[in-house]
Amino acid sequence: MSSAGARFRSALNSETPLQVVGAINAYCAMMAEQSGHQALYLSGAGVANASYGLPDLGMTSLDDVLTDARRITAASDLPLLVDIDTGWGGAFNIARTIKEMERAGVAAVHIEDQVQQKRCGHRPNKQIVSQQEMVDRIAAAVDARHDPQFFIMARTDAFAQQGLEAAIERAQACVEAGADGIFAEAVHTLDDYAAFANALNVPILANMTEFGQTPLFTLPQLAQSGVGMVLYPLSAFRAMNAAALKVYQTLKSDGDQCDLVPQMQTREELYQFLNYHSFEQRLDALYSEDNN
Ligand SMILES: C[C@](O)(C(=O)O)[C@H](CC(=O)O)C(=O)O
Ligand SMILES: [Mg+2]
């Protein structure tokens, strides 16, 4: 099988724009794959919120994210894009992050230009580092990769503080430093995306996160604006959370789950996604051999 990075690049070539869907855990990755998706995403906010019950404020470590990334790459062959926030430190730390991500079977990462004490890109009062410091981050990441196909995306959060032109200028500097793609964070309009796409000769990522600064544009609208990748970082997670909360509340209020059973994924459906029956058949075969 080709490298994870090569599989990400080939997905980018075969689907335009490429939908990159958030998978909060290994089983979600399997459901996404079996729904026909071509690329997966591990959200930094998702690791913090779902795996640790923490806000998305730069409190999770490289190891925390690697643990979840490895679980996903073990369960699905789809290329995985991982949110590495600010890379967890200076040039040496960023280099280590890239090497560990590659070793974990990750296909692509995005590294951002916020200060270490980062925030969600759609919240107020974000602080960004200088353009030079961001360029240094990209150079460190590019220099550290082993597989030249490993995809390194620069995310800029500059739009909120400095506006469109400055954000594009930063993105250009990142591409000159070797970035393979640009994540234009928290922009407001399709014209903003088009401006990024026109100014740069690498794929642009549009983040269709819900309840944020960016309206939820359709795939054809984003395609028309020249966007190359569309991210749905937490869509399934948010829907799962609402469903789970309803279960907990109903168990408390009704004393049973009977009204909710029709909304649940059945045991049979679960087993289909897991390929459970083929495991069980092998177990049965082994067991009968032992008995003969
Ligand atoms: C994409 C993102 O970086 C993430 O961690 O998933 C978040 C998503 C969100 O909080 O809605 C971000 O946009 O900062
Ligand atoms: Mg994030």
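Please read these numbers as outputs of a predicted model, since none were measured by experiment. Just so you know, ligand 1 is whichever comes first in the structure, and atom 1 is the first atom listed for that ligand.
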Contact (N/O only, under 3.5 Å) between [X] and ligand 1:
| X | value |
| --- | --- |
| R119 | no |
| D83 | yes |
| L231 | no |

Answer yes or no: is there a side-chain heavy-atom contact under 4.5 Å between [X] and [Y]?
| X | Y | result |
| --- | --- | --- |
| I128 | R170 | yes |
| K118 | K126 | no |
| N25 | I72 | no |

With heavy-atom distances below 4.0 Å as the criterion, list the atoms of ligand 1 near [X].
| X | value |
| --- | --- |
| G121 | 12 (C), 14 (O) |
| H122 | 13 (O) |
| A45 | 4 (C), 5 (O) |
| R238 | 11 (O) |

At what distance is the nearest protein heavy atom to [atom], and which residue and atom is it?
| atom | answer |
| --- | --- |
| atom 10 (O) of ligand 1 | C120 SG, 3.1 Å |
| atom 11 (O) of ligand 1 | T209 OG1, 2.6 Å |
| atom 3 (O) of ligand 1 | R155 NH1, 2.8 Å |
| atom 6 (O) of ligand 1 | S43 OG, 2.6 Å |
| atom 7 (C) of ligand 1 | D56 OD2, 4.3 Å |

Test item, [X] contacting ligand 1 (heavy atom, 4.0 angstrom):
| X | value |
| --- | --- |
| F211 | no |
| R123 | no |
| E185 | yes |

E102 and K99 ion-paired at < 4.0 Å: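 The answer is no: the pair does not qualify as a salt bridge.
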Heavy-atom pair of closest approach, residues R137 and I111: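 It is CB-CD1, 4.2 Å.
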L200 versus Q172, closest heavy-atom pair with distance: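 Reported closest heavy-atom pair: CD2-CG, 3.5 Å.
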Would you check if there is a donor-acceptor pair between the side chains of Q272 and E268 at a distance under 3.5 Å?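 A pair is found: one side chain offers a donor N or O, the other an acceptor, under 3.5 Å apart.
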What is the name of the N/O/S atom of D83 that is nearest to the Mg ion (ligand 2)? OD2
Could you grab the distance from atom CD of Q114 to atom OG1 of T156, nearest 0.5 Å is fine?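 Answer for the CD-OG1 pair, Q114 versus T156, is 9.5 Å.
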